Amino acid sequence: MDLSGLLPVIQETAALRRVSQALAGPSLALTLGAGDSAKAPALAALARDLTAPVLVIVPRADHADSLAEELAAWLGDPSRVDAFPERDPLPYERLATDPEAIAQRLRVLSALAAGEARIVVASAKAVAQRTLSPSELASATRELRRGATLEMEAFLYDLSALGYSM
């Protein structure tokens, strides 16, 4: 569903104009006090024309997933919205981390490192969990392309240096 046609009407409300002006100032953080049903359209209207990434922090992971889905509908472009998942186990727990959660976290970090204007929705816990710095991410990234020539020995050495083993 694409609700983006309604965003110009929402952007013209007095309250949203005040918030847009606050965002244009020196402040990098903003608390948006809106009811649950108004959060997605208000955030979509605010972030629609932004050229920088936007981080939305919500209390719980299920709220992050729901809000990311709603924002995608309001923007009409699901590729601009990412949910930043929590890593399931805490560091002291002896549980295996969900590989899909790790992959999604890396996708979001890669998009942000590339400078893409995205809306990232995360729970407070997901944001508080340790992750890679931009320099660590860049140094640990290897790009493979179909049809490209690969120097196998150097590639295997890089994988070994990154901690992979057979």
Side-chain angles (χ1 to χ4, degrees), residues 1-25 27-91 93 95-134 136-138 140-141 143-146:
M1 179 182 296
D2 182 356
L3 301 172
S4 61
L6 298 172
L7 292 180
V9 175
I10 296 169
Q11 286 175 314
E12 291 305 314
T13 62
L16 237 5
R17 280 196 303 255
R18 283 193 302 274
V19 173
S20 293
Q21 290 169 349
L23 282 174
S27 176
L28 295 176
L30 177 71
T31 301
L32 183 61
D36 285 344
S37 61
K39 284 180 184 164
L43 287 167
L46 289 169
R48 178 178 166 213
D49 299 323
L50 291 180
T51 57
V54 175
L55 174 63
V56 179
I57 302 173
V58 296
R60 296 189 340 226
D62 58 333
H63 290 174
D65 293 336
S66 297
L67 184 57
E69 190 175 315
E70 288 180 55
L71 281 169
W74 277 100
L75 290 168
D77 183 5
S79 67
R80 288 194 55 208
V81 181
D82 288 309
F84 190 68
E86 299 173 1
R87 292 183 313 203
D88 290 330
L90 295 172
E93 294 178 319
L95 301 171
T97 303
D98 177 22
E100 183 54 39
I102 296 291
Q104 178 63 17
R105 287 174 69 94
L106 289 172
R107 277 191 291 273
V108 172
L109 292 172
S110 293
L112 291 173
E116 296 178 20
R118 309 186 71 71
I119 301 171
V120 177
V121 186
S123 68
K125 181 179 173 183
V127 171
Q129 291 174 331
R130 189 181 183 298
T131 192
L132 296 171
S133 69
E136 289 172 323
L137 179 65
T141 301
E143 188 173 317
L144 301 176
R145 293 188 181 169
R146 184 179 292 162

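Note that the coordinates shown come from a computational prediction; the quantities given were computed from them, not determined experimentally.
Partner of Ile119 under the side chain to side chain contact (heavy atoms under 4.5 Å, CB included) criterion, chosen from Asp82, Leu75, Leu43, Leu55: Leu75.
The nearest pair of heavy atoms linking Ala126 to Phe84 is CB-O, 3.4 Å. Looking at every heavy atom in both residues, Ala113 comes nearest to Leu137 through CB-CD2, 4.1 Å. Contact between Pro85 and Ala101 at its shortest, heavy atoms only, is CG-O, 3.5 Å. The shortest heavy-atom contact between Ile57 and Ser123 is CG2-C, 4.2 Å. When all heavy atoms of Ala47 and Val54 are compared, the closest pair comes out as CB-CG2, 4.2 Å.
In Glu136, the CD atom is crowded: over 12 heavy atoms of neighbouring residues, nucleotides or ligands sit closer than 6.0 Å.
Scanning for side-chain contact (heavy atoms from CB on, under 4.5 Å) contacts around Ala64 gives Val58, Val121, with sequence neighbours left out. Glu70 meets the salt bridge (charged side-chain N to carboxylate O under 4.0 Å, His left out) test with no other residue; sequence neighbours excluded. By the side-chain contact (heavy atoms from CB on, under 4.5 Å) test, Ala83 pairs with Asp65, Ala68, sequence neighbours left out.
Using a 4.0 Å cut-off between charged side-chain N and carboxylate O, Arg60 and Glu86 make no salt bridge.
In terms of modelled atom types and a separation under 3.5 Å, the side chain of Arg118 and the main chain of Ser79 share a donor-acceptor contact. At least one donor-acceptor pair under 3.5 Å links the side chain of Arg87 to the backbone N or O of Arg130.
Residues Val81 and Leu67 have side chains not in contact (no heavy-atom distance under 4.5 Å, counting atoms from C-beta outward).
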Before you tell me yes or no, could you show the steps for Thr141 and Leu106 under side-chain contact (heavy atoms from CB on, under 4.5 Å), namely the whole-Å CA-CA distance, both residues' side-chain angles and the distance that decides it to 0.1 Å? CA-CA 10 Å; Thr141 301; Leu106 289 172; over 6 Å; no
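In this structure, CG on Leu109 lies 6.5 Å from CG on Leu132, to the nearest 0.5 angstrom.
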